[in-house]
Amino acid sequence: MSMIALITGATSGIGKHTAIEFAKNGYHLVITGRRTERLSELKAYLIKEYAVKVIDLCFDVRDEQQVSHAIYGLPSEFQKIDVLVNNAGLAAGLSSIQDGKLHHWEQMIDTNIKGLLYVTKHVSQWMIQNKKGHIINIGSIAGKEVYANGNVYCATKHAVDALNKGMRIDLLPYGIKVSSINPGMVETEFSIVRFDGDEERAKKVYENIVPLKPEDIAETIYWMASRPAHVNINDLLIMPTIQANATTVLR
Ligand code: NDP
Ligand code: 8X3
């Protein structure tokens, strides 16, 4: 069996395009997300287009039992995961700390931090057994800077930044690479989700600019995963050319 990548949040945006990019390069895939139909469609597409093996796992990363059940249920040939892309995540809301909604905070903390931890804990056990592996965490410019009303989302991505560093230290003795990629603005379903389905408001985020495409991030993730064995990209910040930092955007 050739190389295997497990990508969380593959039903949309960065995760979906990362699955396509890895399939294009001959990887067999484990794709995950909550939306079953989208997973099935992507699986069929990847098998047809790239003749790779694909397993789709439908689970909510916030539920540890679902995560462990899905991951430990993988057939043994799929347990030799070479690359884990911790991508599933979201921003919910854009409000001041005093006006923020508790359910938004909980959703972001449970998905972006706890979900990433659950998946990593289980997959890293196998990587340790196999004495190889590469974990690529999707952070954000929001994990490097804090912007107005970004409070809790920024806190979760700062946590991903810290976890990325911590994992790298803990997994070093086992030959496991740990990397993060931190994008600026990428046009996906991210803003639609952030604004609770308000597509008009989401569209305005990318009006009159050329944002990054999910394909740009996918290609960069694959590039990170395909460096020689002695090279690790610890931490990569990637922005559209029209964006200088979290808040300075040329429109
Ligand atoms: P999308 O909304 O297009 O995709 C998000 C993915 O995460 C979906 O596949 C979704 O799958 C999955 N997901 C969300 N919640 C859960 C959950 N509870 N359980 C399982 N899967 C979940 O957004 P992006 O592609 O833009 O986002 C991907 C990552 O990139 C996120 O971590 C985001 O924070 C980060 N990022 C995005 C940027 C941007 O500007 N777009 C910039 C910087 C970082 P499903 O709904 O089917 O469960
Ligand atoms: C997504 C990018 O700037 O909306 O992480 O936080 S931003």
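Computed from a prediction, not measured in an experiment: that's the story for all the values here. Start at 1 and go down the list; that is how both ligands and their atoms are numbered.
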With heavy atoms under 4.0 Å as the rule, classify the contact between [X] and ligand 1 as side chain, backbone, both or neither.
{"X": "T11", "result": "both"}
{"X": "K157", "result": "side chain"}
{"X": "A91", "result": "neither"}

Among [options], whose heavy atom sits nearest [atom]?
{"atom": "atom 48 (O) of ligand 1", "options": "R34, R38, M108", "value": "R34"}
{"atom": "atom 29 (C) of ligand 1", "options": "L57, N87, I14", "value": "N87"}
{"atom": "atom 30 (O) of ligand 1", "options": "V205, V193, I138, D63", "value": "I138"}

Among protein heavy atoms, which lies nearest [atom], and at what distance?
{"atom": "atom 18 (N) of ligand 1", "result": "D60 OD1, 2.8 Å"}
{"atom": "atom 42 (C) of ligand 1", "result": "G184 O, 3.0 Å"}
{"atom": "atom 5 (C) of ligand 1", "result": "G89 O, 3.7 Å"}
{"atom": "atom 44 (C) of ligand 1", "result": "G139 O, 3.1 Å"}
{"atom": "atom 21 (N) of ligand 1", "result": "A88 CB, 3.7 Å"}

Pair [X]-[Y], side-chain donor/acceptor within less than 3.5 Å:
{"X": "N137", "Y": "S180", "answer": "no"}
{"X": "H122", "Y": "E64", "answer": "yes"}
{"X": "N232", "Y": "S179", "answer": "yes"}
{"X": "H17", "Y": "D216", "answer": "no"}

Taking 4.0 angstrom as the limit, do [X] and [Y] come out as a salt bridge?
{"X": "K213", "Y": "E21", "answer": "no"}
{"X": "D161", "Y": "K165", "answer": "yes"}
{"X": "K144", "Y": "D235", "answer": "yes"}
{"X": "K53", "Y": "E77", "answer": "yes"}
{"X": "E189", "Y": "R35", "answer": "yes"}

Per-atom contacts, ligand 1 versus [X] - under 4.0 Å to a heavy atom:
{"X": "T188", "result": "3 (O), 23 (O), 24 (P), 25 (O), 26 (O), 41 (N)"}
{"X": "F59", "result": "19 (N), 20 (C)"}
{"X": "V186", "result": "39 (C), 40 (O), 41 (N)"}
{"X": "A10", "result": "9 (O)"}

For residues F22 and I221, report the shortest heavy-atom separation together with the two atoms involved.
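Nearest pair, atom of F22 first, then I221: CE1-CG2, 3.9 Å.
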Can we call the ring centroids of F190 and Y206 under 6.0 Å apart?
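For F190 and Y206, the ring centres are not under 6.0 Å apart.
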Ring centroid separation W126 to Y72 under 6.0 Å:
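So the answer is yes for these two rings.
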Any side-chain to backbone donor/acceptor pair from S226 onto W223? Under 3.5 Å, distance only.
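Looks like yes, one N/O pair under 3.5 Å.
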Please list, by chain and number, the protein residues whose heavy atoms come under 4.0 Å of ligand 2.
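Residue list for ligand 2: S140, I141, A142, Y147, Y153, F190, R194.
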